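Values below: every heavy atom of this structure, side chains too, minus hydrogens, waters and symmetry copies. Every value quoted in this text rests on a predicted model; they were computed, and no experiment measured them.
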Amino acid sequence: MTVHLENPDWGMVLPQLIVLVAAIVVSLLDAFLPKERHFTVITGVTLAGFGAAIVAQLSQRGETGTTFHGLFQLDGLTVFLNLVILVAAVLTVLISASYVEYLDSKMGTGEFYTLLTFAVFGAMLTASAGDMVMLYVGIELTSIATYILTAFAKRRTTALEGAFKYFLLGLFASAILLYGMSWIYGSTGSTGLNEISASLTAALTGSEPNAGMILGMLLVIVGFSFKLAAVPFHFWTPDAYDGAPTPVTGYMSVIPKAAAAVAMIRILVQGLESLADDWTMVLAVLAFVTMLFGNIVAISQTDVKRMLAYSSIAHTGYMIAGIAAFRLIDGMAGERSISSVLYYLIAYTFMNIGAFAIVVWVQHRGDGTTLGDFAGLASRSPLAALAMTVFLVSLMGIPPTIGFYAKYYVIVALLESNLLWLAMTIVMASAISAYFYLRVVAVMYFQEKSEDTTGRPIVASPLLNLGIGVMVVGVLALGLFSSPIINLANDWTNLFSVAALAMGR
């Protein structure tokens with residue numbers, strides 16, 4: 001028998017290769033560069049690597065194809081999600097550089113950015129996966145790096161405790177996910193997403209799905225729900241977010257979540273579309289519980305980081321609701337479902353990392369992360385208070401910020417899919433969130449700090465200030481000019497669908 005080997009298309013994986021090379025270069029610089037030059041050189045190399053990857057990814061707009069025997073695929077979803085991941089990575093570097101250097105210098109700049117770039121590399125592999133094996137490898141690479149980053153401030157017991165919980169529950173999630181994938185493989189005879197879709201479509205012609213396939217689908221949803229921190233699989237989130245260094249918390253709330261969201265889209269939408277009537281209703285119930293629980297529990301939090309952790313859980317529910325809008329109506333899928341999720345990920349990147357950036361900014365002034373530490377911030381630092389207000393108002397979903405339009409597009413997608421009850425839940429959950437978001441605003445503007453607890457001098461942080469400025473502009477500009485972004489999401493979603501059909505769906 002003659003075996004024909006495919007020549008890999010290295011140009012198709014250029015953005016991922018750039019990030020991988022950046023990770024290797026950063027680790028080598030950390031080993032051989034003099035310590036006094038670590039901060040400037042390693043931070044610059046990391047930013048340059050992510051910037052080059054963004055340029056390379058933009059050059060692939062409109063292209064489709066597969067390589068490495070279908071393990072890797074390039075389509076609209078790949079390009080869009082990789083850009084979101086890379087932008088989130090750049091923002092993470094901007095808010096973490098001075099934190100690592102000054103506030104927690106024993107963390108080590110080189111190790112921090114090596115782990116960050118490997119985590120980003122894993123997330124990009126997940127976004128580019130055309131096979132369940134590649135999906136699993138990408139998810140796990142991101143997860144392992146994130147476990148270590150969570151415990152990076154090893155002098156704090158809260159960091160070690162949060163990382164340990166995250167690690168243990170992450171192991172269970174990975175095992176459940178792998179078990180679900182094995183059932184799907186056993187039912188279809190393939191790990192390729194397009195092959196799974198074709199096999200399932202043929203098998204379901206005039207018949208019902210077998211129990212093994214339904215079990216595999218449910219196990220995959222449970223596995224991804226752990227990674228996304230959806231209720232009731234969220235137990236690791238509050239302690240991990242609270243214990244991790246604040247820049248890591250901002251990173252954790254976006255990049256691993258984006259990787260898990262795109263993995264869920266890849267398997268459920270691309271691979272298991274024929275079972276959409278089953279998994280969309282499961283996701284709808286999951287989104288309902290997650291939105292309400294996250295917002296209700298956040299009300300009682302007096303620590304801003306912990307409050308944002310429960311807020312992050314609620315926003316997971318909004319994203320899952322967008323995927324649930326894919327449900328089939330008269331044989332047709334919700335047209336705005338995936339594009340609304342993509343837009344929401346962009347919005348969430350800017351406003352959530354931005355909120356954590358202000359927490360980092362406050363910590364630079366020698367304060368902690370409780371509500372009392374934000375008291376009187378408007379009188380002491382009016383620009384910082386204004387930026388935090390913009391981020392919190394956007395998270396709440398008030399126009400003209402990007403957060404309003406993100407929720408609006410998800411609601412429109414739900415209404416088009418006849419999920420009125422879930423759309424009303426988003427409105428109700430957003431109203432609940434107004435209490436704890438506006439409470440922080442009220443503390444900043446109308447409550448004076450009881451005493452000066454500053455324990456260290458103010459640290460000049462131009463990169464942090466730049467990052468906050470960029471995110472404020474992004475939250476406002478991408479909200480005011482949301483139409484081009486959502487149209488881009490729609491176009492690239494259509495390219496994703498066309499490419500999938502061309503490859504055998």
Side-chain angles (χ1 to χ4, degrees), residues 77 132 135-136 173 176-228 230-233 260-291 316-338 340-341 410 413-423 425-426 493 496-497 500-501 504-505:
L77 192 62
M132 290 194 299
L135 273 176
Y136 188 79
I176 292 170
L177 182 60
L178 189 60
Y179 191 43
M181 289 178 174
S182 68
W183 275 100
I184 294 174
Y185 170 74
S187 300
T188 61
S190 177
T191 58
L193 297 177
N194 293 320
E195 289 76 11
I196 289 172
S197 178
S199 175
L200 188 59
T201 301
L204 292 181
T205 303
S207 62
E208 295 293 325
N210 61 57
M213 195 58 167
I214 296 296
L215 176 61
M217 177 196 74
L218 292 175
L219 289 173
V220 164
I221 291 175
V222 170
F224 286 135
S225 297
F226 270 106
K227 303 293 184 180
L228 283 165
V231 177
F233 313 104
V262 70
M264 181 178 280
I265 292 171
R266 285 291 187 196
I267 287 189
L268 297 182
V269 175
Q270 185 176 347
L272 305 181
E273 181 183 352
S274 299
L275 298 178
D277 286 339
D278 299 300
W279 57 255
T280 51
M281 292 312 299
V282 174
L283 293 186
V285 173
L286 196 65
F288 174 82
V289 176
T290 302
M291 287 186 287
T316 293
Y318 302 141
M319 285 183 264
I320 294 176
I323 302 175
F326 189 80
R327 68 182 299 214
L328 302 177
I329 303 296
D330 297 328
M332 298 295 293
E335 294 182 358
R336 300 181 189 269
S337 169
I338 305 305
S340 70
V341 177
V410 172
L414 290 169
L415 293 178
E416 289 182 348
S417 298
N418 295 339
L419 289 171
L420 175 63
W421 63 275
L422 195 55
T425 304
I426 292 180
T493 302
F496 155 64
S497 302
L501 290 169
R505 277 176 56 183

Using only atom types and a distance under 3.5 Å, with no angle test, would you say the side chain of [X] pairs donor to acceptor with the backbone of [Y]?
X: Ser197; Y: Leu193; answer: no
X: Thr290; Y: Val231; answer: yes
X: Ser417; Y: Ala325; answer: yes

If you compare all heavy atoms of [X] against all heavy atoms of [Y], which two are closest, and at what distance to 0.1 Å?
X: Ile338; Y: Leu77; value: CG2-CD1, 4.3 Å
X: Leu272; Y: Trp279; value: O-NE1, 2.9 Å
X: Leu200; Y: Gly271; value: CD2-O, 4.2 Å
X: Val341; Y: Met319; value: CG2-O, 3.7 Å
X: Leu419; Y: Ala324; value: CD1-O, 3.8 Å
X: Phe326; Y: Ser337; value: N-OG, 3.3 Å

Leu215 vs Trp183, test: side chain to side chain contact (heavy atoms under 4.5 Å, CB included). Steps then yes/no. CA-CA 7 Å; Leu215 176 61; Trp183 275 100; 3.5 Å; yes
To the closest 0.5 Å, what do you measure between [atom1] ([X]) and [atom2] ([Y])?
X: Leu275; Y: Ile214; atom1: CG; atom2: CD1; value: 5.0 Å
X: Ile267; Y: Met217; atom1: CD1; atom2: CE; value: 12.0 Å
X: Leu178; Y: Tyr136; atom1: CG; atom2: OH; value: 4.5 Å
X: Leu228; Y: Thr316; atom1: CG; atom2: OG1; value: 5.5 Å
X: Leu422; Y: Phe288; atom1: CG; atom2: CZ; value: 8.5 Å
X: Ser199; Y: Met213; atom1: OG; atom2: CE; value: 7.5 Å

Beyond-backbone contact of [X] with [Y], side-chain heavy atoms, under 4.5 angstrom:
X: Met281; Y: Val285; value: no
X: Leu414; Y: Leu420; value: no
X: Met132; Y: Val220; value: no
X: Ile221; Y: Phe233; value: no

Before giving the answer on side chain to side chain contact (heavy atoms under 4.5 Å, CB included), spell out for Asn194 and Gln270 the whole-Å C-alpha distance, their side-chain angles and the decisive distance to 0.1 Å. CA-CA 7 Å; Asn194 293 320; Gln270 185 176 347; 3.0 Å; yes
Can you list every side chain to side chain donor-acceptor pair (under 3.5 Å) pair that touches residues 216-225, not counting sequence neighbours? none
Can Met291 and Ile426 be said to form a side chain to side chain contact (heavy atoms under 4.5 Å, CB included), step by step? CA-CA 7 Å; Met291 287 186 287; Ile426 292 180; 3.4 Å; yes
